[in-house]
Amino acid sequence: MPELPEVEVTRQSFAERIRGARVTAVRVGKPLRWPLGRPPESLVGRTVGDVVRRGKYLWIELDRGGLLVHLGMSGSLAFGSGCGAPGPHDHFDLVTARGTLRLTDPRRFGAVVWSPSLDAGAAAKLLAGLGLEPFDPRFDGAHLHAALRRRRVAVKTALLGGDIVVGAGNIYACEALFEAGIDPRTRSDRISRPRAERLAAAVRTTLARAVELGGSTLRNYRDASGAAGRFQLQARVYGRAGQPCVRCDGTVRRIVQGARATFFCPGCQRR
DNA sequence: AAGTGGACCTGCTAGC
DNA sequence: TGCTAGCAGGTCCACT
């Protein structure tokens with residue numbers, strides 16, 4: 001589920017509320033994608049600081065070290081005082097004096113990993129190799145063009161890779177390519193500079209718009225206050241195979257690229 | 001080295 | 001109604 005917008009909206013929905021809270025207990029459920037790791041001292045008694053996002057990861061800073069959280073495909077966080085007994089898909093609770101932060105993740109592709117800092121240990125290892133943030137001023141048409149020129153994979157696959165720019169997953173990669181009018185099958189190294197400019201802009205505006213709309217809720221995504229996203233209601237191509245294109249008189253098509261579904265309009269997205 | 005395909009795990013839906 | 005195959009928002013790893 002969670003691409004950059006869902007992770008960012010989740011962050012915004014609890015960062016202010018949890019800041020300054022003292023950890024009173026930690027509960028770990030079923031194993032997740034990566035082991036939690038063992039902090040040198042218990043997390044109990046530490047104070048929560050800022051919550052920051054890097055790509056699709058959240059870093060929950062504690063007064064010493066912190067927790068790196070990933071929501072995988074089906075994860076969501078909830079923060080509040082009304083959390084009852086953990087259900088079968090609730091795999092991590094950070095209990096604080098102000099409420100419990102709970103990770104729910106049916107498929108368990110998500111993770112909570114302890115790290116001494118964002119720039120060292122487990123976190124640094126997981127974040128190594130991530131591309132630029134889409135809202136970083138350094139991510140522009142020139143940067144995207146230069147990076148794409150070094151690849152021969154389809155441009156959609158290159159966007160999903162996350163080593164050029166982070167945050168666009170399957171939904172938003174499809175949507176951004178539609179906005180830019182680029183066929184997702186186009187080889188990366190055939191994307192001209194002007195088209196790279198358009199694509200970089202489309203990635204930024206698509207992700208920004210999704211954040212404004214609270215992300216996409218396809219199945220079970222909720223922010224940490226329980227609110228669903230609304231972007232999926234305005235998706236132009238994602239999940240719309242067989243339906244009319246919103247821009248031309250063509251029909252949205254579904255193909256498979258790298259074992260992932262791709263949605264696009266052959267009429268207005270060109271190679 | 002870059003590109004490709006499989007693995008991880010569970011739940012839901014469409015189709016028979 | 002009940003079963004099954006197929007599909008799902010991500011990422012790592014092994015292999016070519």
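Just so we're on the same page: letters track the sequence lines, and every chain starts at 1.
dC9(B) has no stacking from Phe109(A) on its base ring, since the centres under 5.5 angstrom apart and planes within 30 degrees of parallel are not both found.
If you chain together ILVMFWY residues whose side-chain heavy atoms come under 4.5 Å of each other, Val95(A) ends up in a group of its own. Within the hydrophobic cluster formed by Ile, Leu, Val, Met, Phe, Trp and Tyr side chains joined at under 4.5 Å, directly or through other members, Val52(A) is accompanied by Trp34(A), Tyr57(A), Trp59(A), Leu68(A), Val113(A), Leu118(A), Leu126(A), Leu127(A), Leu130(A), Val166(A).
Counting only heavy atoms from C-beta outward, the side chains of Leu132(A) and Ile164(A) never approach each other to under 4.5 Å.
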Protein N or O to nucleotides 12-16 of chain C N or O, pairs below 3.5 Å:
unit_1: dC12(C); atom_1: O4'; unit_2: Arg33(A); atom_2: NH2; d: 3.4

Output a table of nitrogen or oxygen pairs between the protein and nucleotides 1-5 of chain B separated by less than 3.5 Å.
unit_1: dG3(B); atom_1: OP1; unit_2: Arg152(A); atom_2: N; d: 2.5
unit_1: dG3(B); atom_1: OP1; unit_2: Val153(A); atom_2: N; d: 3.2

Dump the pairs, protein N or O against N or O of nucleotides 11-16 of chain B, anything under 3.5 Å, distances to one decimal.
unit_1: dG11(B); atom_1: OP1; unit_2: His89(A); atom_2: NE2; d: 2.9

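Screening residues 79-104 of chain A for salt bridge (Lys or Arg N to Asp or Glu O under 4.0 Å), with sequence neighbours left out, gives Arg27(A)-Asp93(A), Asp90(A)-Arg102(A), Asp93(A)-Arg102(A). The side-chain hydrogen bond (donor to acceptor under 3.5 Å, both in side chains) pairs that include a residue from residues 196-208 of chain A are Arg193(A)-Glu197(A), where partners are two or more places apart or lie in different chains. Sorted by first and then second residue, the ring pair (Phe, Tyr, Trp, His ring centres under 6.0 Å) pairs involving residues 226-271 of chain A (not counting sequence neighbours) are Tyr172(A)-Phe231(A), Tyr238(A)-Phe263(A). Listed by first and then second residue, the salt bridge (Lys or Arg N to Asp or Glu O under 4.0 Å) pairs that reach into residues 67-89 of chain A come to none, sequence neighbours excluded.
With sequence neighbours excluded, no residue satisfies side chain to side chain donor-acceptor pair (under 3.5 Å) with Asp223(A). By the side chain to side chain donor-acceptor pair (under 3.5 Å) test, Asp140(A) pairs with no residue at all, sequence neighbours left out.
Using a 3.5 Å distance cut-off with no hydrogens or angles, the side chains of Thr157(A) and Arg151(A) do not pair a donor with an acceptor.
Nucleic acid contact for Arg187(A): none, since no nucleic acid atom lies under 4.0 Å from a heavy atom of the residue.
OP1 or OP2 of dA8(C) has not a single side-chain nitrogen or oxygen of Arg260(A) nearer than 4.0 Å.
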Report summary line: Base-pair string, DNA chain B, Watson-Crick plus G-U, cut-off 3.5 Å on both distances, | for inter-strand, is .|||||||.|||||||

